[in-house]
*Asks:* 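Provided herewith is a single structure, encoded as structure tokens, for subsequent inquiry.
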Amino acid sequence: MLSDKTIEEVEALKRRYPDPRGAILPSLYIAQREFGWLSPEAFEAVSIVLGVPKAHLRGVASFYAMYRHKPVGRHLIQLCTNVSCMIFGAEDLVSLLKNRYGAEVGGTSPDGRFSLVIMECIGACEAAPAMLVNEDFHNNLTENNITEILEKYK
Amino acid sequence: MQQYRAHLMLCGGTGCIASESLKVKEALSAEIKKRGLENEVNVVFTGCNGFCAEGPIMTVYPEGIFYERLTEKDIPFLVEEHLLKGRPVERLMYKEPEKRHAVPAMKDIPFFNLQVLRVLRNKGLIDPEKIEEYIARDGYMGAAKAFTEMTPAEIVTVVKDSGLRGRGGAGFPTGLKWELAGRVSSDTKYMLCNGDEGDPGAFMDRSVMEADPHSVIEGMIIGARAIGANKGVIYVRAEYPLAVQRLNLAIEQAHEAGLLGEDILGTGFNFDLSIYLGAGAFVCGEETALMRSIEGKRGMPIPRPPFPAQKGLWGKPSVLNNVETLAQIAPIILHGSDWYRSLGTEKSSGTKVFALTGAISNVGLVEVPMGIPLRTIINDIGGGVKGARKKGGRTFKAVQMGGPSGGCIPESLLDTPVTYEDIVQTGAIIGSGGMVVMDDSNCMVSMARFFLEFTADESCGKCPPCRIGTKVMLDMLNDITEGNGKESDIETLQDLCGDIISTSLCGLGQTAPNPVLTTIKYFREEYESHIKDKWCKAGVCRSLCTFIVDEKVCTGCGACQRACTQGAVTGEKKKPHEINQELCIQCRACYDACKFGSINIGPAAMREGLLKDTPAVSV
Ligand SMILES: Cc1cc2nc3c(=O)[nH]c(=O)nc-3n(C[C@H](O)[C@H](O)[C@H](O)COP(=O)(O)O)c2cc1C
Ligand code: FES
């Protein structure tokens, strides 16, 4: 279940919009934050507070890339492989993450430490390649410094 | 107010923070304290300055001396020399690419002095988290004028006369959009801001939201007044956490200052502004899809009319403007439409921000008057292709403008002025302003394939031409890059492009073929060599190339040998090396590592020939 504080947060969102559906996207974020991913319980909880059918929530959530439909590891790596990052070798980083940590694209390393998601351009092209680890931006990535950076995320 | 004798403007934009400007900031504060300079020297942590490639960067005023690539270790020396002894530190100054001498003053660096900063007017000059600093630079003066001296109709007229066109991609006249929405009467109207910035290679909106959030808010307040909107939403990508944080703070501050909320500036006008986080769907940047997304639906575009100005968010009249468009508004109100038109051309007035990335020396944001030639942006401001001036260095091949809706412009068209009208003639579009520079090591067929993969993936699936058409084209491009292309493919692709353009529902599908069309138009021989000769001359498509060492050029330095992960390169030091074709996986690492241009790229057949030990085909 959602915590009382979170329920309040969602209720407040619900009041913001002329229709409770306006609160769907942010509420799903909140639930994702709380549950780590959009688990069946997460949908259930949001559905109850907003009074919107679960099927509708699932339909909406599946359209957007930022919602997680399976559990993620302790840290979420969102690596950009779009044009500028590709020009500067982002594909090699994808193989490195796979070989070194066992994190496949869309999957999680066997030790549960990293999940890897490929992003479209994250607007950090001036210092490509770039990634977000949880909410932290890292750019100018190379095969050397990426492992150094990831050391900080245990 | 405290009087300081020096102001240190250290960049705190995403780029510089990533290159550790926070550590530099700490070191600076500590050193200044240690030297007892707290009352003389002021350190300001500014928003993105634009010259991210050289970060962390800092400008010291009043002299305007520009320092780059600072590390915490440089700080004690810098403080001692520059701030105590008055001797600027040459070692840390900017040097023109491949030249030695330092250029001390920011105003003498071409990157800065060819630019005119209107949207980026506060770039590197204010702390984006302090409303006072924004106000100190004429912030909210435009709003004050609009609210106290002008009627909504007058605001619309000024914006219309300025000739400002939407910077989100389509270039629709902003004043006209406001006028349409202003005329409709309704109990509720919405003023919306598009901060969804999804075009690959574009980051100007992120930068504006991070470095100058109040400029966006001020534009929205003025727009709201002009159309009579009481509610506003800024739709921002969730991938931009810093922008979200700074916008939230700015909204809070504007509220406290009486610039948002009820009875703004004592005029009885109410405007409630909030932020909405996108959830990672490119198509949500399209206006009708964006509104569906806020309504908690799948972000699918709907056919227009009705236009959002009549029936938009929650069925109410709505205006959606791009971040950069909105950041242009306050100065236009303050200085008038003639001032705005004094730069740019008749049909494309004012300035535009571009994001330079890819194979270019100075990556970063630039703001230039519309109408200047592409060549000036790329060569004089951008410093040309990275490494072009070295012997055997790279050469310019194309600049990609407009992301997946745009196209690749070749060298022969670099004198095209950047205006909406002229760029469209080339087959590309200005779009949101991304410019990705490509050199001769980029394969144009792969580039087209890449963008199509993006659109095929981001197509919302609602209309068949876009959903199926892009997929069919992608399959063909995959075939071509894998060596299975047919001679008829080029014509088939062109036909398909025409069909998709004319029958898709929204801008995504209508523009998706542009990258393919422009690469066929300007780089047809690359398609032909992929299809007929099974040869990717850039060495990108792995199954279409053979890497061999030119014995006459190879110096035997061993760089390629070290770069090869397969152990395919062998040879004695100072003697020409050799590539074992059986082990080679065509990863191109040797080619990129060679400083002498001694690795040649031959067609796929060459490798087969070598493997069979028949005499090699010459390149
Ligand atoms: C597929 C697609 C994606 C778009 N993405 C964006 C975007 O990320 N940011 C933006 O401002 N406009 C985007 N647009 C354009 C918007 O539909 C709209 O024209 C624009 O936000 C209006 O603002 P403006 O008139 O100030 O440019 C996109 C359009 C399409 C068709
Ligand atoms: S292409 Fe990777 S951040 Fe823009």
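By convention in this document, chain letters (A, B, ...) are assigned in the order of the sequence lines, proteins followed by strands, and residues within each chain are numbered from 1.
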*Asks:* So what's closer than 4.5 Å to chain A heavy atoms on D457(B): side chain, backbone, both or neither?
*Replies:*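 Side chain only.
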*Asks:* Counting only heavy atoms closer than 4.5 Å, note whether A202(B) contacts chain A via side chain, backbone, both or neither.
*Replies:*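 For A202(B), backbone heavy atoms alone lie under 4.5 Å from chain A.
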*Asks:* Picking from L28(A), L50(A), I87(A), V52(A), which has the most non-hydrogen pairs under 4.5 angstrom with chain B?
*Replies:*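 Max contact count across the listed options: I87(A).
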*Asks:* Under 3.5 Å, is there a donor on one side chain and an acceptor on the other for S109(A) and D111(A)?
*Replies:*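 Their side chains do contain a donor-acceptor pair, which is all the 3.5 Å distance test asks for.
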*Asks:* Does any backbone or side-chain atom of Q400(B) lie under 4.5 Å from a heavy atom of chain A? Answer side chain, backbone, both or neither.
*Replies:*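 Neither part, no heavy atoms under 4.5 Å.
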*Asks:* With a 4.5 angstrom heavy-atom cut-off, which part of C284(B) approaches chain A: side chain, backbone, both or neither?
*Replies:*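 Contact with chain A involves the side chain of C284(B) alone.
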*Asks:* Of all residues at least two apart in sequence or in a different chain, which pass the side chain to side chain contact (heavy atoms under 4.5 Å, CB included) check with P18(A)?
*Replies:*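 P18(A): side chain to side chain contact (heavy atoms under 4.5 Å, CB included) contacts with Y190(B), W314(B).
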*Asks:* Tell me, out of V540(B), V363(B), D592(B), T357(B), who's got the most heavy-atom pairs with chain A below 4.5 Å.
*Replies:*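 Option with the greatest count: T357(B).
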*Asks:* If you count heavy-atom pairs under 4.5 Å between each of S293(B), G403(B), A281(B) and chain A, which one has the most?
*Replies:*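 Max contact count across the listed options: S293(B).
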*Asks:* D272(B) versus chain A, heavy atoms under 4.5 Å apart: side chain, backbone, both or neither?
*Replies:*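 For D272(B), side-chain heavy atoms alone lie under 4.5 Å from chain A.
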*Asks:* With a 4.5 angstrom heavy-atom cut-off, is it the side chain or the backbone of M447(B) that approaches chain A, or both, or neither?
*Replies:*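 The side chain, not the backbone.
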*Asks:* Quick check on R298(B) against chain A: is it the side chain, the backbone, both or neither that has a heavy atom closer than 4.5 Å?
*Replies:*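 Both the backbone and the side chain of R298(B) come within 4.5 Å of chain A.
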*Asks:* Between G201(B), G299(B), S274(B), which shows the greatest number of heavy-atom pairs under 4.5 Å with chain A?
*Replies:*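 The candidate making the most pairs under 4.5 Å is G299(B).
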*Asks:* Which region of P241(B), side chain (C-beta onward) or backbone (N, CA, C, O), has a non-hydrogen atom less than 4.5 Å from a non-hydrogen atom of chain A, or is it both or neither?
*Replies:*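 Side chain only.
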*Asks:* With only heavy atoms counted, which part of L132(A) is less than 4.5 Å from chain B, the side chain, the backbone, both or neither?
*Replies:*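 The answer is the side chain of L132(A).
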*Asks:* Pick one of side chain, backbone, both or neither for E295(B), based on which atoms fall under 4.5 Å of a heavy atom in chain A.
*Replies:*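 It is the backbone, since no side chain atom gets that close.
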*Asks:* Which bit of F282(B) is near chain A, if near means a heavy-atom gap under 4.5 Å: side chain, backbone, both or neither?
*Replies:*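 Neither the backbone nor the side chain of F282(B) comes within 4.5 Å of chain A.
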*Asks:* Which word best sums up how the rings of Y101(A) and F114(A) line up, parallel for under 30°, tilted for 30 to 60°, or perpendicular for over 60°?
*Replies:*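 Answer is perpendicular, since the angle exceeds 60°.
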*Asks:* In terms of heavy-atom pairs under 4.5 Å, which option from D19(A), I24(A), L57(A), N82(A) contacts chain B the most?
*Replies:*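 Of the options given, most contacts go to N82(A).
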*Asks:* In terms of heavy-atom proximity below 4.5 Å to chain A, should S441(B) be classed as side chain, backbone, both, or neither?
*Replies:*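 No part of it gets close to chain A.
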*Asks:* Tell me the closest heavy-atom pair linking K154(A) and R74(A), and the distance in Å.
*Replies:*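 So the minimum-distance heavy-atom pair works out to O-NE, 3.3 Å.
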*Asks:* At a 4.5 Å cut-off on heavy atoms, which part of V283(B) comes close to chain A: side chain, backbone, both, or neither?
*Replies:*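 Interface part for V283(B): side chain.
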